[in-house]
Amino acid sequence: MLNSFLRRYRVSALLVVGLLLSVIPQYAAARAVQGPRAVEAASTRERVDINAGWKFARFTTNPDSLSYSVLKSWVLPSANNFINGTKYTRPSGTPPGSNVQYVQSTFDDKSWESLDLPHDWAVKGPFNAPGVSGGEGRLPSNGVGWYRKTLTLTKDDLAKSLFLDIDGAMSYSAVWLNGNLVGGWPYGYNSFRLDLTPYAKEGANQIAIRLDNALTSSRWYPGAGIYRNVWLVKVNPVHVRQYGTYVTTPKVSAQSATVNLVVNVDNTGTTSQQVDVVTEVHLADAATGNPTGNAVATFPAKSLTIAQGSSQSLSSSITINSPLLWGPPPTQKPNLYVAVTTVSAANATVDTYETRFGLRTLTYDANKGLLVNGEHVYVQGTCNHHDLGSIGSAFNTRALERQFKILGEMGNNAFRTSHNPPAPEFLELADRMGFLVYDEIFDVWQQAKTTNDFHLIFNDWSEPDLRNFIRRDRNHPSVVAWGIGNEIPEQSSSTGGTIGSRLKGIVQSEDPTRPVTSALNSAGSNAALVGVLDIVGLNYQGEGLGTSTSGSYPSFHSAQPNKMIWSSESSSAVSTRGTYIFPVTSANSATVGTGSGGNPTALQVSAYELYATSWGSSPDKVFAQQDKYPYASGEFVWTGFDYIGEPTPYDTSRSSYFGIVDMAGFPKDRYYLYQARWRPDFPMVHLLPHWTWPDRVGQVTPVHAFSSADEAELFVNGVSAGRKKRAASTWRFRWDDVKYQAGEIHVVAYKGGKEWATDSKKTVGAATKMNITADRTEIAGDGYDLSFVSVAIVDANGDLVPSASNNVTFSITGPGKIVSTDNGNPADFTVFPSPSRKAFGGLLLSIIRPNVGASGDIVVTASSSGLPSASVTLHAG
Ligand code: GAL
């Protein structure tokens, strides 16, 4: 796994962590230098980033008469390494597609689009793609997509095993090399490897990849295309297998840790080989993830004789004294180790392979909750979908790091990868930054949620998908639970128990060290599936659906007294950043409806943060209910960030209202409510609403403050509106009778009788200028790094104008491009790549990417009629 991606990742992780350092000292790290984009050549193993230089075409009617049913028997053998029973045999005869023009090297693809991966063909729009539902985000993700690229291979390469590693392609991938169908993988969220060796030749090799996305394949925006990184792996015929190491740590204490290691070595050559395998363990550098210093321990060297075409595995064990443990901030540190495995034959190294891992104990206590290294860690988690807002599903490490950083500052310590395997970099980042991960694979089993979802192939692919997923992710210390399903339609039936038990058996055969869970929204506590699970995961029902406070935590706890319980999904509160709708409910949670927190004409929901879906609850209600049950081990809020699609409650919008943070990355008021509960020692108070209401003079305009304090006093134009004490399990102070008058509201919060934090909101004047800022002004010219540039429209005093909706155009000079813009408005149908967009709630975002090899200044300018232009300079290099 020593590869250019990891270098790239390490660096950008570092940059984020460096930023975090200024805000939260627990995320400490040092600085490093950005690595190259393309190749890291080791003498023995090369893992080459082949993202650059592809040709692409999308077809809305089938251009080639191929389909999964036609390709299926040639694709199924690609699953063979992940099936324990009878393997598939590749059919004899000419495979389908051999005559399709796109797989031929002679095909002229000049007119096709030129692009670099990762690529999401749908995100550029336009919206309202025919047949694509609001749930799926109204973007053109459907259709057949063909990707083509020429790979140049040398004679030396041909002496090696050559693998194509695709981290994720949406969906039903089928791959041809030089006109030969190599194989494929249908599930768009899994990573997969295909063996190119039999079809490779010296010189130019034509690779062609076909993807096929049906309409109604998903409940949310699936994205489309080869949307994650793609690699060419060149190894000696004797090499460590794909996901070929497995580290477990059966005993860990402050004094010592026992580390067990399994190494699987394949010999795909034509002669038997005698090899020596040795693995040294080093502490990983906190910033780069690279091995540091001398080995802290060495697994005993072993000799293996591996017959041609076969594999051998070895197991060994070591002890590390005085280990540095992995654990979540703020109380623990995410220390990592690296196992460096060297395979040699006749005293020459034939392969080296790195495995990063962490040392920690996890205890899942039915009464105390989750303990990491013996310390109770309340699960303060969020669920998130895979899209990254306006850049769509095209994976970008820096964009994900930004999400992690923003959510981490809120006190978020855990993520649920709802409802599918994440990009591999997601887990690298979680390991490095110290987040806990509930790693989930399926949203459906045999019964459909949408016509063309995974249920169509569940019977054939659930085993290989699950084995592949667990083997890929099981060395990550961040992973604390395996999720085998979300709100599975079979959850209450005996079939649910049978399938759940089969899937659990598969998980345990690949990784017996972690618990299996599934998210239950309707199953009762005695359902067969509940008996199968190690952790009981409740979606919404634990706290009580909607406004009901009769939750199912007690019945599950008494039916399953030995199992830890958490809210695998909670809240589903909805809001639009900066939007306040009157009157405001006096309850602590209400269902959003017309005249009750929602405006169906403007397609917006109130940000008083009291409104939720009919099955969901405000954060306030979830907090109170969780605290009622001391055994509740925490929650995964639906969701951390807004995402494309699923625009409940207004299906005609483009993106969700669920996020604590809007899709552009601007926190909603809700962010501070979670921060108040989740970071009790962080002095903060946050006031809402904004205080510019010319139409509300004399009208009741409730003022609320979210704070980690225990008392707060509000002043309206200097006059006290009362000092209030915070009630148990609440983090909201409310002054519901305040009548609006222009001026200023100011809150002083107290903890233990001492001033803790203050906040104010002023009545603002007309918009006079734009403040432009970049989250990072030093960016790498590697074609991947991004700068997130924000514009705030402010008045003469520099205060945000909350109603500002000025149209702003971004322009750029220098070696970069504007990738996309956004404003967090779920009802804005301006296409994402547009450089012009209206501000929303006074704010706007533009995402800038330097060109490959860029060096020098990139000046980003925001222009808007009637306002002076504003610029920020980025330095690429
Ligand atoms: C849940 C479901 C999530 C999402 C959410 C919206 O029931 O598991 O995927 O759809 O509802 O509230």
Side-chain angles (χ1 to χ4, degrees), residues 133-137 189 216-223 381-387 393 415-422 438-445 447-450 453-455 481 483-492 496 517-523 529 536-548 551-552 566-576 589-593 597-598 605 609 611-619 621-622 635-651 653-660 663 668 670 826:
S133 65
E136 286 187 286
Y189 293 106
T216 60
S217 63
S218 178
R219 295 189 298 115
W220 58 85
Y221 176 64
T382 55
C383 302
N384 289 284
H385 272 315
H386 72 311
D387 75 69
S393 63
F415 293 115
R416 173 178 177 213
T417 68
S418 44
H419 307 293
N420 41 257
Y438 162 4
D439 205 2
E440 181 169 63
I441 181 164
F442 297 130
D443 192 47
V444 291
W445 294 346
Q447 276 183 45
K449 288 185 182 169
T450 56
D453 64 23
F454 190 77
H455 85 282
I484 55 172
N486 172 58
E487 299 191 349
I488 294 300
E490 298 93 332
Q491 65 188 282
S492 302
T517 191
S518 192
L520 310 165
N521 62 318
S522 57
L529 177 58
V536 175
L538 301 179
N539 281 13
Y540 310 101
Q541 56 161 319
E543 290 87 23
L545 297 180
T547 51
S548 157
S552 61
W566 61 26
S567 283
S568 35
E569 209 168 299
S570 61
S571 192
S572 270
V574 279
S575 58
T576 315
S589 187
T591 300
V592 68
V605 184
E609 311 297 10
Y611 300 94
T613 53
S614 58
W615 55 93
S617 316
S618 69
K621 190 195 124 184
V622 175
E635 60 171 318
F636 291 88
V637 179
W638 192 266
T639 48
F641 265 65
D642 270 331
Y643 52 94
I644 307 175
E646 224 185 17
T648 311
Y650 303 123
D651 188 57
S653 292
R654 63 160 206 200
S655 51
S656 81
Y657 298 80
F658 292 115
I660 298 170
M663 219 170 68
K668 300 179 187 174
R670 220 184 313 158

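Keep in mind it's a predicted model, so treat the numbers as computed, not measured. Remember, it's 1-based here, ligands and their atoms both numbered in the order they're listed.
Relative orientation of the Trp638 and His419 rings is parallel, given thresholds of 30° and 60° on the angle between their planes.
For the salt bridge (charged side-chain N to carboxylate O under 4.0 Å, His left out) test, residues two or more places apart in sequence or in another chain that qualify with Glu609 are Arg670. Glu440 pairs by the salt bridge (charged side-chain N to carboxylate O under 4.0 Å, His left out) definition with Arg416, not counting sequence neighbours. In this structure Thr648 satisfies the side chain to side chain contact (heavy atoms under 4.5 Å, CB included) test together with Thr613, Trp615, Glu646, Phe658, sequence neighbours excluded.
A donor-acceptor pair shorter than 3.5 Å can be found between the side chains of Ser656 and Asp642.
For ligand 1, the protein residues within 4.0 angstrom (heavy atoms only) are Arg219, His419, Asn486, Glu487, Asn539, Tyr540, Glu569, Ser572, Trp615, Trp638, Glu646, Phe658.
The minimum heavy-atom distance linking Ser568 with Gly537 is given by the pair OG-C, 3.1 Å.
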